[in-house]
Protein chains: 2
Amino acid sequence: MVVTDVAGPAAGGELPTGKTRDALRAAHLYYLQDLTMDAIAKELHTSRSSVSRLLSHARATGLVEISIHSPLDLPSRLEQEILERHEVSAHVVPVPDHASDVDRLERVALSAARILTRFIDSNQTIGVAWGSTMSAMSRHLAPKATHNSEIVQLNGAGNLRTTGILYASELLRRFGDAFGARVQQFPVPAFFDDPATKEAFWRERSTRRLLDLQASMDVAIFGIGSPFAEVPSHVYQGGYLERADYQALSRDGVVGDVATVFYRADGSTDGIALNSRATGPDFTVLRRAPRRICVVSGQAKLPGLTGALEAGLITDLIVDEGTARRLVERSVDDLGSDRAD
Amino acid sequence: MVVTDVAGPAAGGELPTGKTRDALRAAHLYYLQDLTMDAIAKELHTSRSSVSRLLSHARATGLVEISIHSPLDLPSRLEQEILERHEVSAHVVPVPDHASDVDRLERVALSAARILTRFIDSNQTIGVAWGSTMSAMSRHLAPKATHNSEIVQLNGAGNLRTTGILYASELLRRFGDAFGARVQQFPVPAFFDDPATKEAFWRERSTRRLLDLQASMDVAIFGIGSPFAEVPSHVYQGGYLERADYQALSRDGVVGDVATVFYRADGSTDGIALNSRATGPDFTVLRRAPRRICVVSGQAKLPGLTGALEAGLITDLIVDEGTARRLVERSVDDLGSDRAD
DNA sequence: TCTCTCCCTGCACGTTTGTTCAATCGGCTT
DNA sequence: AAGCCGATTGAACAAACGTGCAGGGAGAGA
């Protein structure tokens, strides 16, 4: 790949004739002045096709940002109710009820990736978990230029079969690329075999450095793991957990996990043995991040989602319409017994 | 015109089936999920044409906002230089050099209207001048919902032939409509005949109320008047000034006006007689507004623009490319003698 | 109840836009 | 200097889109 942009062949040259410059100008003419691509082609002395490509480039690289604001007086009733009941700012993604789970995930991830843009800024530490939701999201991120931001892996991804590095690092790299941020990997297994090993490891200075970063996150982004759903999450298929682990989780009444840390329906984590071997951040650490974005798709994750809400892990929720609807209906049923169980 | 939206026929009904809701959903599916209009039509159980119209509606009413960010590392060199030389944040509007003045004005106004959106917010007092530039702009404003904002007319518009009310009020109304803001008119002539009348009027309580509003503006928006350009500004054609006035302006070395307050090339206003009869805000008042947006198109306004810059009237400049280029070239010539004259 | 009017709908057409393909350009190697 | 390779271009085609138009439905007024 040859550098043909940013400063052009000769930095400091007279005519900074970069592709990005043209794209910027085309975007201005197209989106701000409503010219047709044909007209723009003439102004730029090129063909209409090239203008079409320039505009694609402009959108793909985040030069153009398209955002949607619901008028403040009518946020979708679902979002309104979720806000009232859970004190969480919700973004409901419209998806037809009959969509397949795969479609649904894909579309929520696409929307989430676009929405995410507005939360990302310069000089931020951004914690990122992994899993099928995050992976889908990473493939659709709308780039946004930032300075001095940092992507931090929230939990290890190694398992019995692979180091998980390829998978997780690819995912993180996409986040890093999209926002021009440095990437801090966390090269540990998802679960240690022995809690003692984890503790030892946690005392290592290189590990501490990463944990410190996690503790000072500005934004955390994660999905919800649902170990007992009919379609188990990625984490539960890849050889991360053994049969005995499942039984233990079941006994403990676990309904889900965030970054491989497990919790019950009431949001509690105490006494869940597996957590002492998990590598994700303790919820007290996670909750330090002022913004905690959770992306959820599919009703199978509903129990996990409500648990995470109970645990106060979420400040911003991106969720598909069907699941949001169930969430609200369910909350209605619970009214009064809300804090009782 | 019948109200068919916002709350629907029966406020509090079960299915808030408003046009805006559909538009919002369509916009989400189109811009956030990249569905084709055809696909959206199916999801919404309507025809593709209707979706096209819904999306138009969404854009026209500001539900969808499209903005363009130049990557921070390469702002157009022009904008960069203007920032350095004048401490003004510039937005250069690309316009081909061979465009007619009418085209140029129209295109700058269109871009300016779109760019303006990001400066407007709730709970603001927004001062608006008038003139051909502002008028063109008013016809293209991208709506944005705000609460409790207020549009304040900066200067009177009456003249010897009309009260100017139709013209100016239409202009202000468009601003008010676009941002859902109250409109405060200023029903006085552009220039009083007698300074004493103005002073008397200025003591009226109803006038004071308006002047107080002006003094607490958050944003001011104005063009530049250029009395001696070959194509004089609106103000100078409509019977506002008499021959003797022109001669006086010429004698005083006036290069332009902002909201009918005149100034010289160095930005000074002292001793310009006409100002004592003018109804626009004194520059000391104007400069109190933290954001002062100036929209300029056409090189004829260059002297006026440099004067306004000298006077420190501008914090944000929206200007066509050709004029921006001249501005920078001119500043280069002046280097060293910058503060000397 | 009927009618008038206005707005909304879907169709059909013309325009605008995205994408494929072959040709060309420019840099780098041999 | 010739040749290779990947990136970029414009033409042609196909898909997606905007809009004028006629038909239909809901509400206001007679």
Side-chain angles (χ1 to χ4, degrees), chain A residues 1-11 13 15-64 66 68 107 110 114 140 142 177, chain B residues 1-11 13-64 66 68 107 110 114 140 142:
Chain A
M1 196 189 303
V2 180
V3 174
T4 57
D5 200 358
V6 174
L15 292 176
T17 169
K19 174 175 172 183
T20 300
R21 273 205 134 69
D22 284 347
L24 215 43
R25 172 175 275 254
H28 196 127
L29 296 172
Y30 191 77
Y31 290 107
L32 257 31
Q33 292 186 24
D34 290 342
L35 299 199
T36 132
M37 294 186 179
D38 230 338
I40 298 172
K42 275 171 200 132
E43 296 206 2
L44 296 191
H45 307 293
T46 180
S47 72
R48 196 188 49 73
S49 337
S50 296
V51 174
S52 172
R53 282 184 277 250
L54 278 179
L55 288 172
S56 295
H57 176 75
R59 284 186 301 259
T61 56
L63 263 47
V64 173
I66 301 182
I68 297 180
R107 290 175 59 168
L110 186 48
R114 306 262 165 101
H140 298 296
D177 285 357
Chain B
M1 197 187 305
V2 181
V3 175
T4 57
D5 201 358
V6 175
E14 272 309 278
L15 291 177
T17 169
K19 175 174 171 183
T20 299
R21 272 206 135 68
D22 283 346
L24 214 43
R25 173 175 276 253
H28 196 125
L29 295 172
Y30 191 77
Y31 290 108
L32 256 33
Q33 291 186 23
D34 290 342
L35 298 200
T36 123
M37 294 187 180
D38 229 338
I40 298 171
K42 274 170 200 133
E43 296 206 2
L44 296 190
H45 307 293
T46 180
S47 71
R48 195 186 51 74
S49 345
S50 297
V51 174
S52 172
R53 284 184 274 252
L54 278 178
L55 288 172
S56 295
H57 176 75
R59 284 186 301 258
T61 56
L63 295 178
V64 173
I66 300 182
I68 297 181
R107 291 176 57 168
L110 185 48
R114 307 261 166 102
H140 297 296

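Chain letters run A, B, ... following the sequence lines, proteins first, then strands; residues in each count from 1.
No N or O donor and acceptor, one from the side chain of Ser52(B) and one from the base of dC17(D), sit under 3.5 Å apart.
Protein atom CG of Asp22(A) is 12 Å distant from nucleotide atom P of dT8(D), rounded to whole Å. Computed from coordinates, the His57(B) NE2 to dT9(C) P distance equals 12 Å when rounded to whole Å. Between Arg53(B) atom CZ and dG18(D) atom P there is a gap of 11 Å when expressed in whole angstrom units. Taking atom NZ of Lys42(A) as the reference point, atom P of dG10(D) lies 14 Å away to the nearest angstrom. Per the geometry, CG belonging to Leu55(A) stands 12 Å off P belonging to dT19(C), to the nearest Å. As a whole-Å value, the separation of Leu54(A) CG from dG18(C) P is 12 Å. Atom CG of Leu29(A) is separated from atom P of dT16(C) by 16 Å (rounded to the nearest Å). Between the P atom of dC17(D) and the CG atom of Asp34(A) lies a distance of 17 Å, rounded to the nearest Å.
If Arg48(B) and Thr36(A) are placed on DNA chain C by their nearest nucleotide, the residue sitting closer to the 5' end is Arg48(B).
Of all the heavy atoms in Leu44(A) and Ala26(A), the pair that sits closest is CD1-CB, 4.2 Å. For Leu110(A) against Gln33(B), the heavy-atom pair with the smallest separation is CD2-O, 3.4 Å. The two residues Ala23(B) and His57(B) make their nearest non-hydrogen contact at CB-CD2, 3.9 Å.
The side chain of Thr46(B) places an N or O atom within less than 4.0 Å of a non-bridging phosphate oxygen (OP1 or OP2) of dG10(C). At the phosphate of dG18(D), OP1 or OP2 sits under 4.0 Å from a side-chain N or O atom of Arg59(B). Side-chain nitrogen and oxygen atoms of Ser50(A) include at least one within less than 4.0 Å of the OP1 or OP2 phosphate oxygen of dG10(D).
Within the 3.5 Å criterion, the main-chain N or O of Arg48(A) finds no donor-acceptor partner in the side chain of Ser52(A).
Comparing dC17(D), dA12(C), dT17(C) by their nearest atom to the side chain of Met37(A) picks out dT17(C). For Tyr30(B), taking side-chain heavy atoms from C-beta onward, the closest of the listed nucleotides dC17(D), dG10(C), dC21(C) is dC17(D).
By the 4.0 Å N-to-carboxylate-O rule, Asp22(A) lies too far from Arg53(A) to be salt-bridged with it.
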